[in-house]
**Student:** 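Quick one: the structure is below, and I'll ask about it shortly.
So that the names make sense, note that chain A is the first sequence line, chain B the second, and so on, each numbered from 1.
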Amino acid sequence: MSTTLVYLDARSLSAEGIGKAERELLTIAAARSAGSVVVAVSSPVDDDVAAGLGRFGATTVLVPSSDVTASLAAGPAAFAAAAAAESGADLVLLTNAGDSKEVAARLGIKLSAGVVTDVVAVAGDEYTKSVLAGTYTTRIRVKTATAVVTMKANSVEPAAAGDGAAEVRRLDVPEIGPSATVERTEAKPASGRPELADARVVVSGGRGLEGDFGPVEALADSLGAAVGASRAATDAGWIEHSYQVGQTGKTVSPQLYIAAGISGAVQHKAGMQTAQTIVAINSDPDAPIFEIADLGIVGDLTEILPQAAEEIKRRKA
Amino acid sequence: MSDAPAQLKVLVLVKYVPDAQFDRHLTGQTPRLDRSDSILSELDEYAVEAALQLIEAHGGTKAGHEVTVLTMGPDAASNAVKKTLQMGATRGLHLNDDALAGSDAAATSLALAEAIRHEGGFDLVITGMASTDAETSLVPSQLAERLGLPQVTLVSELSLEGGDVVARRDGDTETQYVRAPLPAIVSVTDQFEEPRYPNFKGIIGAKKKKTAPLSLADLGLGADAVGTDGSWTEVVSSEARPARTAGTVITDSGDAGVKLADFLADRKLL
Ligand SMILES: Cc1cc2nc3c(=O)[nH]c(=O)nc-3n(C[C@H](O)[C@H](O)[C@H](O)COP(=O)(O)OP(=O)(O)OC[C@H]3O[C@@H](n4cnc5c(N)ncnc54)[C@H](O)[C@@H]3O)c2cc1C
């Protein structure tokens, strides 16, 4: 009987609910190891969160007996390794978030386990992922007894699988070793819109917006979409860096991606060309983004975006 | 500031990768990346820039500080080191061995960790945020784990303060300010300042700089510890995705917003 350990960053869990990417991990784990899904959370959780994890199939929730989150990656990895040993897991699943990948990286060395990132499907000891900016789909086999895998969001449909009865246990954390200390944090304002990484619809804006994201936000809101941006827009300071889509930003695979005022540089395409449907709005008929768009509209975004937002709102009303 | 180590020794790790401006291909029975048309990874240029700025803030090479650049790869990878010497790095190291081909992150981090141990005495090891070929971003954290050093990863600002490295990290929900004692492993994002271009003086100066070869034997590693044998993962199959093709292109004549709504309704995306 195989045991799956799901490692979760406590910041992604709240009484209001468990993040979608996290629910997906629990769903995969529950399908793979009915009856023995152990979840390790980076900080202690309250009863509501534990029950929420239980509803998605967790049978045991392990929390660290001391604070591990102030030490960058090293503390969470030491705790995750202890949880892997305690549970006897042969597969550890994490989300694809930057911090989770770092925990996965260190865990791989601690457990002498192969690590696969950006995975979209799990089948036995083989993991599917796309590489080279979405141009190839590969299957990767893990040769070691334990595998450590980070999963991309939107890989499965989250499904409740348990009865909410998860046992919460504290686990002693082994020696963390030399690490960086997080001295201070500044929270970023929440937009209230869907998370970019797991949204089904994304509306992105680029340099063509000339500083004003209003028209992109209005269209996004009419569609219930997440907002994204090109690096030109984030570099200009028009929008936070965490909204950047592309090679050095987020990789998104939504059902619909709308790019407004974005030329379609390779680094931008690297983050969005696996979207099911792509719409591009650009005043330059030769913009490379049109080469990959299902619908290309040559025109001025300051006129097209507001008109589309109004029309969509009218039809939905 | 006067509190940097008397002689700051910085090591930068760089990779020679297929240029993403061209089509990139996987080839062979066990699929491998075709490595022709390669360049110094753009993301590693930020690491070189960070190293140069760090020593310059403390008097530069004149004050005895050094930036050593290490690459692991086939013969042609020395081109990546050459460019960093032109940018201003002090000297190069090239770990080159046929057995290294096909190494995954675990095997790569093993070889690099042994090379770092072998050279010894670095205050900081700086890397890019990810390689632009495999894009896993696993190696910096795995080096920290293997070498037992603090990791200060994915940073956009970096300085030395009271013998520590201090840095800014921009996450999705928060910005973190972190501190670690030296020696440490650092990775920098492309939010760091733009990398410099080699100027004429740099290009001429680089001709006098040396790149020393390193082999697996130098590191005391057997061929089976790295490459496909030493890797914990293997690519079993690969399939090229059909390239996207252009769909309909229309020109706005005053009603393109409505046509966009029609298109979305047709595709059941509303
Ligand atoms: C190492 C590295 C990493 C990078 N990573 C990323 C990344 O992750 N993501 C990313 O996006 N980029 C990335 N880039 C940058 C990338 O190369 C491009 O510079 C960037 O994507 C360009 O952004 P843009 O399309 O908004 O701007 P531009 O290329 O300037 O395009 C703006 C477009 O807006 C159009 N336009 C202007 N006005 C209007 C109007 N009124 N109506 C309609 N259209 C209009 C123009 O015709 C033009 O096509 C990276 C670059 C490097 C070197």
Side-chain angles (χ1 to χ4, degrees), chain A residues 11 72-74 98-99 101-102 105-106 108-110 113-117 126 132-144 177-188 241-242 248 255-256 266 273 277 279 290-299 304 307-308 311-312 315-316, chain B residues 20-21 24 26 31 43 104-106 129 132 136-138 141-142 144-146 148-154 170-181 184 189-191 232-241 244 246-252 256-258 260-261 263 265 267 269-270:
Chain A
R11 288 172 294 182
L72 205 60
D99 286 348
K101 278 190 190 172
E102 299 196 337
R106 299 187 69 123
I109 302 302
K110 283 183 188 291
V115 183
V116 192
T117 60
E126 287 185 4
L132 298 179
T135 53
Y136 282 84
T137 303
T138 57
R139 279 184 306 133
I140 316 283
R141 189 173 77 86
V142 171
K143 299 194 263 177
T144 49
S179 64
T181 309
V182 180
E183 292 197 302
R184 190 162 63 84
T185 60
E186 273 168 20
K188 293 184 175 176
H241 169 62
S242 49
T248 55
Q255 284 175 358
L256 171 64
V266 279
Q273 63 189 353
T277 299
V279 173
F290 287 132
E291 291 162 16
I292 61 164
D294 300 283
L295 175 66
I297 303 175
V298 180
I304 298 165
Q307 189 185 61
E311 180 67 15
I312 290 163
R315 292 191 193 189
K316 283 189 166 180
Chain B
Q21 301 288 342
R24 295 177 294 175
L26 295 173
L43 295 177
D104 71 352
M129 62 186 284
T132 56
T136 67
S137 71
L138 294 173
S141 301
Q142 295 202 324
E145 182 69 37
R146 288 189 186 277
L149 294 179
Q151 71 174 80
V152 187
T153 32
L154 301 176
D170 259 308
D172 282 352
T173 56
E174 62 187 25
T175 300
Q176 297 178 329
Y177 295 88
V178 303
R179 172 185 292 271
T189 71
D190 63 338
Q191 298 297 296
W232 294 339
T233 60
E234 75 183 333
V235 183
V236 283
S237 71
S238 77
E239 209 180 309
R241 277 196 182 224
R244 285 195 95 98
T248 321
V249 179
I250 60 171
T251 301
D252 184 24
V258 176
L260 171 54
F263 172 84
R267 296 222 172 183
L269 288 166
L270 276 192

**Student:** In terms of heavy-atom pairs under 4.5 Å with chain B, which of A/Val116, A/Thr181, A/Val142, A/Leu256 leads?
**Tutor:**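 Heavy-atom pair counts peak at A/Thr181.
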
**Student:** When heavy-atom pairs shorter than 4.5 Å are enumerated against chain A, which of B/Ala20, B/Ala265, B/Ser237 gives the highest number?
**Tutor:**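 The candidate making the most pairs under 4.5 Å is B/Ser237.
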
**Student:** Measuring from B/Ile250:CD1 to A/Ile297:CD1, what's the distance to the nearest 0.5 Å?
**Tutor:**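 Nearest 0.5 Å value for the CD1-CD1 distance: 4.5 Å.
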
**Student:** Checking A/Ala113 against chain B: side chain, backbone, both or neither under 4.5 Å from a heavy atom?
**Tutor:**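 When you check distances to chain B, only backbone atoms of A/Ala113 fall under 4.5 Å.
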
**Student:** Given that the side chain runs from C-beta out, which part of A/Thr185 has a heavy atom under 4.5 Å from chain B: side chain, backbone, both or neither?
**Tutor:**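 It is both, since atoms from each part get that close.
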
**Student:** Is B/Ala240 close to chain A through its backbone or its side chain, or both, or neither, when contacts mean heavy atoms under 4.5 Å?
**Tutor:**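 Both parts, backbone and side chain.
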
**Student:** Sort B/Ala105 into side chain, backbone, both or neither according to what part of it lies under 4.5 angstrom from a heavy atom of chain A.
**Tutor:**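 For B/Ala105, no heavy atom lies under 4.5 Å from chain A.
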
**Student:** So do the side chains of A/Thr135 and B/Arg24 get within less than 4.5 Å of each other, counting heavy atoms only?
**Tutor:**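 The answer is no, as the side chains (C-beta and beyond) never meet within the 4.5 Å cut-off.
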
**Student:** Decide side-chain hydrogen bond (donor to acceptor under 3.5 Å, both in side chains) for A/Arg106 and B/Gln151; before the verdict, give the C-alpha distance in whole Å, the side-chain angles of both, and the deciding distance to 0.1 Å.
**Tutor:** CA-CA 10 Å; A/Arg106 299 187 69 123; B/Gln151 71 174 80; 2.8 Å; yes

**Student:** Tell me which of these, B/Gly247, B/Ala256, B/Pro150, has more heavy-atom pairs under 4.5 Å with chain A than the rest.
**Tutor:**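 Max contact count across the listed options: B/Pro150.
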
**Student:** Heavy-atom distance under 4.5 Å between the side chains of B/Thr233 and A/Val115, does that happen here?
**Tutor:**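 With C-beta onward as the side chain, the pair stays apart.
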
**Student:** Taking the side chain as C-beta and beyond, is there a heavy-atom pair between B/Thr189 and A/His241 under 4.5 Å?
**Tutor:**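 They are not in contact (no side-chain heavy atoms under 4.5 Å apart), so the answer is no.
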
**Student:** With sequence neighbours excluded, tell me which residues meet salt bridge (Lys or Arg N to Asp or Glu O under 4.0 Å) with A/Arg139.
**Tutor:**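 Only A/Glu126 meet the salt bridge (Lys or Arg N to Asp or Glu O under 4.0 Å) criterion with A/Arg139.
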
**Student:** Between A/Ile304, A/Thr137, A/Thr277, A/Thr138, who has the most heavy-atom pairs with chain B when the cutoff is under 4.5 Å?
**Tutor:**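 Looking at each option in turn, the highest pair count goes to A/Thr137.
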
**Student:** Top residue by heavy-atom pair count (under 4.5 Å) with chain B, among A/Ala105, A/Ala308, A/Ala74, A/Gly299?
**Tutor:**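 Top option by heavy-atom pairs under 4.5 Å: A/Ala105.
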
**Student:** Kindly write out the residues that satisfy side chain to side chain donor-acceptor pair (under 3.5 Å) with A/Lys188, not counting sequence neighbours, or none if the list is empty.
**Tutor:**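 With sequence neighbours excluded, A/Lys188 shows a side chain to side chain donor-acceptor pair (under 3.5 Å) to A/Glu240, B/Asp170, given in chain and number order.
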
**Student:** Considering all heavy atoms of both residues, which atom of B/Phe263 and which atom of A/Asp294 are nearest to each other, and what is their separation?
**Tutor:**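 Taking every non-hydrogen atom into account, CZ-CB, 4.2 Å.
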
**Student:** If we define contacts as heavy-atom pairs under 4.5 Å, which of B/Leu154, B/Asp172, B/Asp190, B/Leu269 has the most with chain A?
**Tutor:**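 Ranked by heavy-atom pairs under 4.5 Å with chain A, first place is B/Asp190.
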
**Student:** Let's test your reading of the structure: which of A/Thr117, A/Leu132, A/Ile312 forms the most heavy-atom pairs below 4.5 Å with chain B?
**Tutor:**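 Highest number of heavy-atom pairs under 4.5 Å: A/Leu132.
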
**Student:** For A/Glu291, is it the side chain, the backbone, both, or neither that has a heavy atom closer than 4.5 Å to a heavy atom of chain B?
**Tutor:**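 It is the backbone, since no side chain atom gets that close.
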
**Student:** Shortest non-hydrogen contact from B/Ala246 to A/Phe290?
**Tutor:**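 Shortest heavy-atom separation between B/Ala246 and A/Phe290 comes out as CB-O, 3.4 Å.
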
**Student:** Could you report the tightest heavy-atom contact between B/Arg241 and A/Gly134, atom names first, then the distance?
**Tutor:**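 Between these two residues, the closest heavy atoms are CD-O, 3.0 Å.
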
**Student:** B/Gln176 and A/Leu72: which non-hydrogen atoms are nearest, and at how many Å?
**Tutor:**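 Closest heavy-atom pair between B/Gln176 and A/Leu72: OE1-CD1, 3.6 Å.
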
**Student:** Working to the nearest 0.5 angstrom, can you tell me the gap between A/Lys110 NZ and B/Glu145 CD?
**Tutor:**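 Going from NZ on A/Lys110 over to CD on B/Glu145, the span is 3.5 Å.
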
**Student:** Of all the heavy-atom pairs spanning B/Thr136 and A/Lys101, show the shortest one and how long it is.
**Tutor:**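 Looks like O-CD, 3.9 Å.
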
**Student:** Based on non-hydrogen pairs under 4.5 Å, which of A/Arg11, A/Glu183, A/Gln273 is most in contact with chain B?
**Tutor:**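 Going by pairs under 4.5 Å, I would pick A/Glu183.
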
**Student:** Which atom names give the shortest non-hydrogen contact between B/Pro181 and A/Ser179, and what distance separates them?
**Tutor:**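 Looking at all heavy atoms of both residues, the closest pair is CD-O, 4.2 Å.
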
**Student:** Between A/Val266 and chain B, which part of the residue has a heavy atom less than 4.5 Å away: side chain, backbone, both or neither?
**Tutor:**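 For A/Val266, the side chain is the part near chain B, not the backbone.
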
**Student:** What residue in B/Leu43, B/Val178, B/Val152 has the most heavy-atom pairs under 4.5 Å with chain A?
**Tutor:**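 Sorted descending by pairs with chain A, the first entry is B/Val178.
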
**Student:** B/Thr132, B/Asp104, B/Val236, B/Leu149: which one forms the most heavy-atom pairs within less than 4.5 Å of chain A?
**Tutor:**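 Answer, by heavy-atom pair count under 4.5 Å with chain A: B/Val236.
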
**Student:** Looking at chain B, which one of A/Arg315, A/Gln255, A/Glu311 has the largest number of heavy-atom pairs inside 4.5 Å, strictly under?
**Tutor:**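 Ranked by heavy-atom pairs under 4.5 Å with chain B, first place is A/Arg315.
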
**Student:** Between B/Gln21, B/Glu239, B/Arg267, B/Met129, who has the most heavy-atom pairs with chain A when the cutoff is under 4.5 Å?
**Tutor:**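 With the most close heavy-atom pairs to chain A, the winner is B/Glu239.
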
